[in-house]
Amino acid sequence: MAEASVKGLEALLKANHAVVEQLELPVVLERIVEAAVELVGADYAALGVIDPHGRIDQFIHVGMDAATVERIGHLPQGRGLLGAVIDDPHPIRLDRISDDPRSSGVPAGHPPMGGFLGVPIRVRDQVYGNLYLSNRGHGGFDDEDDRLVTALAATAGVAIENARLFAETKRRQAWSAASAEITAALLSGEQSDSIVLLVDRVLHLAGADLVCMLTTSDQPHTLMIDVAAGVGAGDLRGALVPVGPSKVARVLEGRHPELFDDVEITLPNGVELGPALAVPVIVAGRAEGVLVVARTAPALGFTTADLEMAADFAGQASVAMQLARARADQQRLLLLEDRGRIARDLHDHVIQQIFGTGLELQSIAGGLAGTPAAARLQESVGHLDASISQIRTAVFALSPPTGENRGGVRHSIIDLATELAPRLGSTPQVSFSGPVDLLVTGDLARDVIAVIREGLTNSAKHAAARRTSVSVTATDGRVVVDIVDDGAGIGDSTRRSGLANLARRAEQRGGTLDLDPERAQVEAVVGTHVRWAVPFELSAE
């Protein structure tokens with residue numbers, strides 16, 4: 001065997017040893033390039049990792065200092081001779097790069113390039129990347145250099161596969177640990193904590209720059225960022241993101257996870273996203289959100305292993321949401337049970353005691369007929385009757401709308417008072433008298449609701465009232481609605497236009513609208529009393 005061949009084999013063994021002794025993939029890739037330079041005595045060498053679309057995804061190079069690299073600017077994209085090795089994965093050897101018609105030249109500031117040798121690196125029969133060498137120190141590249149680099153490329157393929165398996169093992173270990181941690185958080189009962197933890201773990205395990213949990217919103221083609229971690233995450237919580245039509249919308253509608261080169265959504269904080277993956281979050285058979293994992297552009301794309309990991313965590317997110325809903329339902333049931341108990345106690349004990357006290361006071365007043373004390377007792381009895389009416393309203397509000405009272409006008413009025421309470425400053429006092437749900441139905445019920453809404457809205461806008469009350473009475477052939485506030489009284493034309501609407505509703509039913517602005521002052525405030533009364537026979541159904 002020739003002396004040159006022996007030296008070549010010795011150099012190859014040394015290069016192979018340098019390549020296979022490492023297990024961290026970034027280190028392995030650097031060692032491959034360094035070993036190739038030493039093996040054939042080249043000035044420059046690089047390893048281009050190819051993405052699934054046939055472009056150079058990573059470019060690891062040696063031979064140029066940092067200043068030269070900075071002066072050149074962007075790294076190669078896989079055109080010219082580099083692209084030729086990608087398109088036809090076989091060794092290419094040239095004495096002068098510039099003589100080949102496939103050469104696209106070198107960028108400004110790049111050192112001169114003479115000879116060229118490009119060799120593909122295969123991992124399990126798949127081309128992982130290519131080794132590129134240039135400027136051999138003593139003449140151009142020869143057949144032996146071709147054989148040596150090809151042999152090194154074969155060893156490099158094995159080393160890369162081992163490094164990838166090692167990285168995958170470490171990833172799955174971290175994956176399992178994070179999954180166990182999230183499961184413990186789920187069992188703790190705090191949905192928000194478990195989702196935050198999940199998003200944070202996905203951010204680190206996937207090597208992402210930003211992870212968002214987007215959930216459905218009331219606005220069409222828009223999702224809300226429920227939880228976010230990573231670049232600018234603090235400004236994203238609760239933000240609305242337009243997503244349709246887009247790749248993320250396609251994932252939500254198709255309920256199938258996907259990998260993307262570009263996620264195609266614009267974030268409110270202006271962060272430009274590059275490669276991404278999106279996984280639908282399925283809750284009770286419905287797609288109610290999307291887990292988006294992204295890197296800022298430009299960056300390496302995600303792998304199917306990343307997609308598998310994200311899909312597993314998205315499944316845990318759906319479990320968290322279902323558990324949260326089940327706990328919320330349980331809390332509502334407990335609240336309803338507690339309200340029912342309170343309502344029963346008020347009805348069976350408190351009302352009966354007040355009613356008995358009223359009867360006793362009436363009996364005493366009867367024995368004191370014609371005296372000032374009798375008049376005061378009768379007034380007290382009237383106050384007790386009013387208190388019983390208010391307690392009955394409270395009992396009705398506490399009771400769930402089931403059976404015969406489901407959908408009745410009384411529940412609608414109570415709901416309306418609760419709805420307008422923030423605008424009024426306090427919840428209006430509501431009371432009923434007579435068979436309101438039985439007699440106030442259909443169009444009459446809709447008119448009554450409209451009248452109360454108009455009256456309370458007027459009080460909120462113009463009266464500056466601290467207290468308001470609504471009473472609805474169905475008796476003696478009439479339905480009477482009284483709306484009273486302790487505000488500034490009637491004085492502006494805007495409010496009078498609203499009252500005109502109430503008057504028209506009353507006239508259409510043969511009823512009346514009466515105002516009593518001269519009623520007794522309450523704490524030096526004039527106040528307003530609006531009475532709307534119509535015969536209920538006209539709307540009987």
Can you name the nearest heavy-atom pair linking [X] to [Y], along with the distance?
{"X": "Asp447", "Y": "Arg505", "value": "OD1-NH1, 2.6 Å"}
{"X": "Val293", "Y": "Ala208", "value": "CG1-CB, 3.5 Å"}
{"X": "Ala294", "Y": "Ala276", "value": "CB-CB, 3.8 Å"}
{"X": "Ala506", "Y": "Leu513", "value": "CB-N, 4.2 Å"}
{"X": "Val251", "Y": "Phe260", "value": "CG2-CZ, 3.6 Å"}

Problem set entry | Criterion side chain to side chain contact (heavy atoms under 4.5 Å, CB included) against Phe432, the qualifying member of Val472, Asp437, Val409, Val440 |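 Of the listed residues Val472, Asp437, Val409, Val440, the side chain to side chain contact (heavy atoms under 4.5 Å, CB included) partner of Phe432 is Val472.
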Is there a donor-acceptor pair closer than 3.5 Å between any side-chain N or O of [X] and the backbone N or O of [Y]?
{"X": "Asp514", "Y": "Arg531", "result": "no"}
{"X": "Arg237", "Y": "Asp226", "result": "yes"}
{"X": "Arg295", "Y": "Gly207", "result": "yes"}
{"X": "Ser217", "Y": "Thr222", "result": "yes"}
{"X": "Trp532", "Y": "Leu502", "result": "yes"}

At what distance, to the nearest 0.5 angstrom, does [atom1] of [X] lie from [atom2] of [Y]?
{"X": "Ile452", "Y": "Glu454", "atom1": "CD1", "atom2": "CD", "value": "12.0 Å"}
{"X": "His529", "Y": "Asp482", "atom1": "NE2", "atom2": "CG", "value": "3.5 Å"}
{"X": "Asn458", "Y": "Asn501", "atom1": "CG", "atom2": "CG", "value": "9.0 Å"}
{"X": "Leu416", "Y": "Thr457", "atom1": "CG", "atom2": "OG1", "value": "7.5 Å"}
{"X": "Leu198", "Y": "Asp200", "atom1": "CG", "atom2": "CG", "value": "9.5 Å"}
{"X": "Leu240", "Y": "Met224", "atom1": "CG", "atom2": "CE", "value": "7.5 Å"}

Exercise. Can you tell me if Asp209 and Thr296 form a side-chain donor-acceptor pair at under 3.5 Å?
Worked result: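 Yes, a side-chain donor-acceptor pair sits under 3.5 Å.
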Exercise. Looking at residues at least two apart in the chain, or sitting in another chain, which of them share a side-chain contact (heavy atoms from CB on, under 4.5 Å) with Ile282?
Worked result: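 If we apply the side-chain contact (heavy atoms from CB on, under 4.5 Å) test to Ile282, skipping adjacent residues, the hits are Arg255, Pro280, Ala287.
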For this session: For Glu258, enumerate each residue passing the side chain to side chain donor-acceptor pair (under 3.5 Å) test, keeping only those at least two apart in sequence or located in another chain.
Result: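 If we apply the side chain to side chain donor-acceptor pair (under 3.5 Å) test to Glu258, skipping adjacent residues, the hits are Arg250.
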